[in-house]
Amino acid sequence: MTDQEAIGAVIDEMYAMISGPAGPRDWSRQANCFLPEARQVRTFVDEQGRPGMLSMTLEEYERNVTPFFMANAFYEVETSRHIDLFGNIAHAWSAYEARTSPDDADVERRGINSIQLFRHPELGWRIIHM
């Protein structure tokens, strides 16, 4: 498997892990795509129009999104991907559309994930920051 394919498999697993019908997610799958010390950052614009961010550990992310996933069907469908490699680090831009079902024609929103990966000597490519 090439580096591009291995990185693609990690990104595919990340999308598969969070996507699904309303209900629980299998958070044990995080080990398939994230390093334990990984951080996930959500950016947003607040009520006053100012940019903001929330930086979370894997456990904090799970706690933050579980209520939403329990109540809502949610699918992030990747629409394009660009990967840059340099040694044991990689950066992927992964554009997506959020939908209530994977084949729904109605797009809830579009976005892009900025994903940094590290080639771990035992685990292979894993997300360290997203």
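Here the structure is a predicted model, which means the values were calculated and not measured. Scope of the values below: all heavy atoms of this structure, side chains included, with no hydrogens, waters or symmetry mates.
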Asker: Give the table of side-chain donor-acceptor pairs shorter than 3.5 Å for residues 61-70, with sequence neighbours excluded, one pair per line with atom names and distance.
Answerer:
| from | atom 1 | to | atom 2 | distance (Å) |
| --- | --- | --- | --- | --- |
| N64 | OD1 | R42 | NH1 | 2.7 |
| N64 | OD1 | R42 | NH2 | 3.2 |
| T66 | OG1 | E62 | O | 2.6 |

Asker: Excluding sequence neighbours, so at least two apart, what forms side-chain contact (heavy atoms from CB on, under 4.5 Å) with E37?
Answerer: L35, I128

Asker: Is it the case that one hydrophobic cluster holds both I18 and V41, taking links as side-chain heavy atoms less than 4.5 Å apart, direct or via other members?
Answerer: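 No.
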
Asker: Side chains of S114 and Q116: donor-acceptor distance under 3.5 Å anywhere?
Answerer: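 Side chains of S114 and Q116: pair found under 3.5 Å.
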
Asker: Can you list everything that forms a ring-ring contact (aromatic ring centres under 6.0 Å, His included) with F86? Sequence neighbours excluded, please.
Answerer: none

Asker: Listed by chain and number, what are the ring-ring contact (aromatic ring centres under 6.0 Å, His included) partners of Y96, not counting sequence neighbours?
Answerer: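 ring-ring contact (aromatic ring centres under 6.0 Å, His included) check on Y96 returns nothing, list empty.
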
Asker: Does anything in residues 119-130 form a salt bridge (Lys or Arg N to Asp or Glu O under 4.0 Å)? List the pairs, not counting sequence neighbours.
Answerer: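 Every pair satisfying salt bridge (Lys or Arg N to Asp or Glu O under 4.0 Å) with a residue in residues 119-130: D3-R119.
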
Asker: In terms of hydrophobic clustering (I, L, V, M, F, W, Y; side-chain heavy atoms under 4.5 Å; direct or indirect links), are F118 and M14 co-clustered?
Answerer: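 Hydrophobic grouping puts F118 apart from M14.
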
Asker: Could you give all pairs that pass the salt bridge (Lys or Arg N to Asp or Glu O under 4.0 Å) test and reach residues 49-58, with sequence neighbours left out?
Answerer: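 Those involving residues 49-58 are D46-R50.
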
Asker: Holding to side-chain contact (heavy atoms from CB on, under 4.5 Å), I want the full list of residues that pass it with A92, two or more places apart in sequence or in another chain.
Answerer: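 Testing A92 for side-chain contact (heavy atoms from CB on, under 4.5 Å), a comparison that skips the adjacent residues, returns I11, I83, I115, L117.
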
Asker: Other members of the hydrophobic cluster containing M1, with the 4.5 Å side-chain heavy-atom rule, please.
Answerer: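 Once heavy-atom contacts under 4.5 Å are chained together, M1 still belongs with nothing else.
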
Asker: Any pair with a residue in residues 82-99 that passes salt bridge (Lys or Arg N to Asp or Glu O under 4.0 Å), sequence neighbours left out, goes on the list, sorted by first then second residue, please.
Answerer: E97-R99, E97-R110

Asker: Can you list, by chain and residue number, the hydrophobic cluster partners of W93 when the side-chain cut-off is 4.5 Å?
Answerer: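 Under the 4.5 Å side-chain rule, W93 groups with I112.
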
Asker: Is any side-chain heavy atom of W27 closer than 4.5 Å to one of E59?
Answerer: no

Asker: Is V77 reachable from M17 through a run of I, L, V, M, F, W or Y residues, each pair having side-chain heavy atoms under 4.5 Å apart?
Answerer: no

Asker: What distance do L123 atom CG and C33 atom SG have between them, rounded to the nearest 0.5 Å?
Answerer: 11.5 Å

Asker: Which pair of non-hydrogen atoms, one from P36 and one from L58, has the smallest distance, and what is that distance?
Answerer: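 Where P36 meets L58 most closely, the heavy atoms are O-CD1, 4.0 Å.
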
Asker: Using links of under 4.5 Å between side-chain heavy atoms of ILVMFWY residues, direct or through other members, which residues join V45 in one cluster?
Answerer: none

Asker: Side chain to side chain donor-acceptor pair (under 3.5 Å): which pairs involve residues 9-23, sequence neighbours left out?
Answerer: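 Every pair satisfying side chain to side chain donor-acceptor pair (under 3.5 Å) with a residue in residues 9-23: D12-R81, E13-R29, E13-N32, Y15-S94, Y15-N113.
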
